[in-house]
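Accompanying notes for the structure given below.
We count residues from 1, following the sequence as given.
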Amino acid sequence: MTREEKLELVQRMLGLRHKLKVIASMKEPETHDELSSSMLSRWELEDEIRAIEILLEQERSENVKTKLKLVTEQYLSGQPVVKKKKT
């Protein structure tokens, strides 16, 4: 997944969370029909947020595995670490 795709997912998730806050700030439903519609809308938003969180967590998990391998090879291999000079 590219950085742009990750950013897009994070932005979508933030937008969905905002929608949930808007729904929470609205007046309480007065009928069963209104309540069921509101609950279903909220659940759909929450489910999409959860799906995005799972995708991002999978990406982060892969990134951590890559970083772990890199750190292990660079710092725990027993070879001296060559520091780069600042220019």
Side-chain angles (χ1 to χ4, degrees):
M1 187 179 304
T2 66
R3 178 176 173 80
E4 289 77 22
E5 290 170 330
K6 291 176 194 174
L7 284 171
E8 194 173 315
L9 284 175
V10 169
Q11 290 171 354
R12 174 72 179 155
M13 183 173 57
L14 293 173
L16 293 170
R17 286 183 178 168
H18 176 74
K19 285 183 180 183
L20 283 175
K21 286 183 180 181
V22 170
I23 289 173
S25 70
M26 295 170 60
K27 71 175 187 128
E28 292 292 320
E30 295 178 3
T31 67
H32 284 107
D33 288 338
E34 291 173 353
L35 180 60
S36 61
S37 177
S38 175
M39 287 177 68
L40 185 58
S41 296
R42 198 173 66 243
W43 289 347
E44 288 173 350
L45 294 172
E46 290 170 349
D47 291 348
E48 188 173 347
I49 289 170
R50 185 68 187 122
I52 291 170
E53 288 173 340
I54 289 170
L55 280 174
L56 292 173
E57 182 56 38
Q58 288 172 348
E59 283 295 313
R60 290 191 71 195
S61 179
E62 289 298 318
N63 192 33
V64 168
K65 287 178 187 177
T66 302
K67 300 285 183 190
L68 179 63
K69 183 178 177 182
L70 182 66
V71 168
T72 302
E73 289 172 356
Q74 288 184 346
Y75 298 100
L76 302 177
S77 65
Q79 299 174 359
V81 177
V82 178
K83 296 185 179 181
K84 295 180 182 179
K85 293 182 181 179
K86 294 183 180 179
T87 54

Going through the distances and angles, do V10 and I52 end up as a side-chain contact (heavy atoms from CB on, under 4.5 Å)? CA-CA 8 Å; V10 169; I52 291 170; over 6 Å; no
Steps toward side-chain contact (heavy atoms from CB on, under 4.5 Å) verdict (L40, E44): CA-CA 6 Å; L40 185 58; E44 288 173 350; 3.9 Å; yes
Stepwise side-chain contact (heavy atoms from CB on, under 4.5 Å) check, E30 with L35: CA-CA 7 Å; E30 295 178 3; L35 180 60; over 6 Å; no
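The NZ atom of K65 sits 10.0 Å away from the CG atom of L68 when rounded to the nearest 0.5 Å. If you take CG on L56 and CD on Q58, they are separated by 9.5 Å, rounding to the nearest 0.5 Å. To the nearest 0.5 Å, the span separating CZ on R3 from CD on E59 amounts to 13.0 Å. Atom-to-atom distance recorded for S25:OG and L20:CG is 11.0 Å, nearest 0.5 angstrom. From L70, atom CG reaches atom CG of N63 across 10.5 Å, with rounding to the nearest 0.5 Å. Separation of atoms NZ (K67) and CD (E62) is listed at 13.5 Å; rounding is to 0.5 Å.
Note on I23 and M13: same hydrophobic cluster, where clusters join Ile, Leu, Val, Met, Phe, Trp and Tyr whose side-chain heavy atoms are under 4.5 Å apart, directly or indirectly. Hydrophobic clustering, with ILVMFWY side chains joined whenever heavy atoms are under 4.5 angstrom apart, groups M1 together with L14.
Atom CZ of R42 is surrounded by more than 12 heavy atoms from other residues, nucleotides or ligands within 6.0 Å. Within a 6.0 Å sphere centred on NZ of K19, heavy atoms belonging to other residues, nucleotides or ligands number 12 at most.
Proximity of a side-chain donor or acceptor of E5 to a complementary backbone N or O of T2 within less than 3.5 Å is detected. Side-chain atoms of S38 do not come within 3.5 Å of backbone N or O of E34 as any donor-acceptor pair. Side-chain atoms of S37 do not come within 3.5 Å of backbone N or O of D33 as any donor-acceptor pair.
Between E53 and R12 there is no salt bridge, since no side-chain N of the basic residue sits under 4.0 Å from a carboxylate O of the acidic one.
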